[in-house]
Each structure stands twice: as structure tokens, then as C-alpha cells.
Amino acid sequence: DGDEITALAYYKDKILQFKKRKVFVVNVSDDQYYLENTFQDIGVDQQCQVTTVPFGVVWANEQGCFIYNGTELENLIDGKIAPTSDATFIPNNYWRIGASDVPLIGYIRDKKSLLIINTADIFTTTAAPEGYQYSFVTKSWTVLQRRTYDSGSSSANGSKSNMQIDADGNLIWYVKHGTSKNAIVKWDDAPQNNLDTVGNDTSTIYFRTKDFDFGQPGVRKKIYKIYVTYQCT
């Protein structure tokens, strides 16, 4: 089709060949491999947008976060994160990966979760989500703000490499932020405080659930009390 190959992944006798617009599924289970499927308009620009997890091949782009389990394709943000800014949703709770962004994606083994950072470039983190975390256990998303290396103190994170899993099972990547803040960092899933320059916690947490109808959507209810359990440092 004249387009270049941008990434490759392998899962269950299937090779996924990524291009900027298309994804080809090539079945290599027999000596004679063949093209099994083609997904249009959901390609990637670089290999850092693709990762393989125990449940399939996952990739992120401006359209969402897709998983191919060897048989079916699913967009994990459907019905859970608005594809664009929407006043009916919680502020900043939308998919903020643009067509020109090259997001990073990695797998957090001990949490059975995906970590997605909006872009490999330096990104201002104070005004909008800088990334997302998806749990394969709860099938839910967490929108991240000021959670990556250096973003809590300077309002922006640095230029980032692709993500890898080290020998100890940690998700790591390299960050370059100016001339003095360059390091290999690993993801820390522990709760974090967002502190300003004088030590005040500026954290804001938005929590949105599905609609609870208690099995009877046609009957009006009155809820008098809600308990929320949370954890922080």
C-alpha cells in the first residue's frame, strides 16, 4: 500500500504488522502464512505505542487504546473515557492524545495494568491529564495528572524513551529533562501527593462510576449516604 512498517508484535501464532494507518494480522501458524485480517485507520507511528501483555497485543493512538486478543479487537476506552473534551464528563477526563502525539505504553506486571503517557515529548502536566492507567482486573481507567518523573515539581515531564520491563519486573524508561534531570526511572504505583513549591498538597481527585439503578431503573430512589475508601501518603 506504499506505507512504511512502523511496529511489529507477535501473539498466538499471529504477527501484527503496524503501519501509520492500518494494522495487518498475519497468521503464521502453518508453513504457508496468510493475511487474516486488516484494521483500518488505527495504526501507529512508532514501536513505543505497542506492547504485548498476557491478554493480547495492545496499542495506543489518538483514537483510543486497542487490544487484539488473537481473535477480536476491542477499544478499551469505549464507554469509559470520552474521545474528546465533553462538558458532560468530569473536567479533563477525556482522551487527550492528539494526531501528532506519539504516546508511550507499557505493562505493569504486578498490578496487571497498562500505563500510557500522552506523548514521548516534554508535556505540560498541570492543565490536563498526562496519562492513563488501565486495570485488567477491574476493567477500569485511572486518569493521571502530575504522576510521572519530575512532573510534580516543575509542571512538565521530560522527553521519554520507550518503556521496558527490567530483570526485576519493573516498568522503566529513560527521561531527559534539561541538563540536570536525566535518569532511568521506574513506575511507582504507590499513592502520590502533588506538592507545590511550599509543600502544600494540590491534589484533586475526580471519581466517576457507572449509573447505579439497584436493578430497577424505572423506580426513583433516594440515596442518603455513600462511603468512599481511599489511600494517600
Side-chain angles (χ1 to χ4, degrees), residues 4-9 18 20 43-53 57-62 64-65 81 92-135 141-205 231-233:
E4 62 181 309
I5 296 174
T6 56
L8 292 170
F18 293 86
K20 291 185 177 180
V44 301
D45 291 315
Q46 295 186 30
Q47 184 74 46
C48 63
Q49 296 175 242
V50 183
T51 191
T52 302
V53 302
V57 178
V58 188
W59 64 99
N61 56 30
E62 71 274 14
C65 181
I81 298 181
N92 291 334
N93 185 19
Y94 68 98
W95 197 249
R96 198 185 171 87
I97 297 175
S100 60
D101 293 326
V102 178
L104 307 175
I105 186 170
Y107 183 59
I108 308 169
R109 285 182 175 179
D110 60 337
K111 298 295 183 179
K112 293 184 174 61
S113 297
L114 294 171
L115 177 65
I116 299 169
I117 299 178
N118 288 7
T119 175
D121 295 327
I122 292 176
F123 182 76
T124 302
T125 62
T126 53
E130 64 178 323
Y132 310 86
Q133 189 171 344
Y134 177 79
S135 171
W141 286 95
T142 300
V143 178
L144 305 175
Q145 187 167 356
R146 304 186 73 178
R147 279 291 280 109
T148 60
Y149 175 72
D150 198 40
S151 64
S153 60
S154 66
S155 78
N157 56 35
S159 300
K160 297 160 288 294
S161 73
N162 58 312
M163 295 179 175
Q164 293 290 334
I165 297 176
D166 67 11
D168 297 321
N170 300 308
L171 184 63
I172 62 172
W173 63 94
Y174 180 79
V175 173
K176 178 177 175 59
H177 199 163
T179 58
S180 60
K181 297 176 181 177
N182 306 323
I184 294 175
V185 298
K186 70 177 181 180
W187 174 252
D188 182 2
D189 209 63
Q192 299 287 323
N193 283 341
N194 289 332
L195 302 180
D196 60 19
T197 56
V198 294
N200 295 317
D201 189 353
T202 60
S203 301
T204 301
I205 298 174
Q231 181 182 12
C232 66
T233 53

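Starting from 1, each residue takes its place in the sequence as its number.
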Problem - Side chain proximity check, Thr6 to Asp45, heavy atoms < 4.5 angstrom - result: no
Practice task
Would you name the heavy atoms of Ile116 and Pro103 that are closest together and state the gap between them?
Solution key: CG2-CB, 4.4 Å
Problem - Residues that Thr52 engages under side chain to side chain donor-acceptor pair (under 3.5 Å), provided they are two or more places apart - result: none
Fill in the blank from the handout: dist Trp173:CH2 -> Ile184:CD1 (nearest 0.5 Å) comes out at 12.0 Å
Handout entry: side-chain hydrogen bond (donor to acceptor under 3.5 Å, both in side chains) assessment of Tyr94 paired with Arg96
Key = CA-CA 6 Å; Tyr94 68 98; Arg96 198 185 171 87; 2.4 Å; yes
Practice task
Kindly say whether Asn118 contributes a backbone atom to a donor-acceptor pair with the side chain of Asp101 at under 3.5 angstrom?
Solution key: no
Practice task
Quick one: closest heavy-atom pair of Ile105 and Cys65, and the distance?
Solution key: CD1-SG, 4.4 Å
Handout entry: Counterpart residues, ring-ring contact (aromatic ring centres under 6.0 Å, His included), relative to Trp141 (two or more places apart)
Key = Trp95, Tyr134
Practice task
Mind checking side-chain contact (heavy atoms from CB on, under 4.5 Å) for Ala7 and listing every partner two or more places apart, or none if nothing turns up?
Solution key: Phe18, Val44, Gln47, Val50
Handout entry: Which residues share a side-chain contact (heavy atoms from CB on, under 4.5 Å) with Lys111, sequence neighbours left out
Key = Ile108, Ser113, Asp189
Completion exercise
Value for OH (Tyr132) from CD1 (Ile117), rounded to nearest 0.5 Å, stands at 12.0 Å
Problem - Minimum heavy-atom distance Leu114-Tyr107, with the two atoms named - result: CD2-CD1, 4.4 Å
Fill in the blank from the handout: Nearest heavy-atom contact between Leu104 and Ala120 is CD2-CB, 3.9 Å
Completion exercise
Separation between CD1 (Ile172) and NZ (Lys186), nearest 0.5 Å, reads 10.0 Å
Identify every side-chain donor-acceptor pair in residues 159-167 under 3.5 Å, counting partners at least two apart or on other chains, and give the distances.
unit_1	atom_1	unit_2	atom_2	d
Lys160	NZ	Thr119	O	3.2
Lys160	NZ	Asp121	O	2.9
Lys160	NZ	Asn157	OD1	3.1
Lys160	NZ	Gly158	O	2.5
Ser161	OG	Tyr174	N	2.9
Asp166	OD1	Asp168	N	2.9
Asp166	OD1	Gly169	N	3.0
Asp166	OD1	Asn170	N	2.8
Asp166	OD2	Asn170	ND2	3.4

Problem - From Gln49 atom CD to Ile97 atom CD1, the distance as rounded to the nearest 0.5 Å - result: 8.5 Å
Practice task
Only counting residues at least two apart or in another chain, list the ones meeting side chain to side chain donor-acceptor pair (under 3.5 Å) with Lys20.
Solution key: Glu4
Problem - Smallest separation among heavy atoms of Val102 and Cys48, with atom names - result: CG1-SG, 3.6 Å
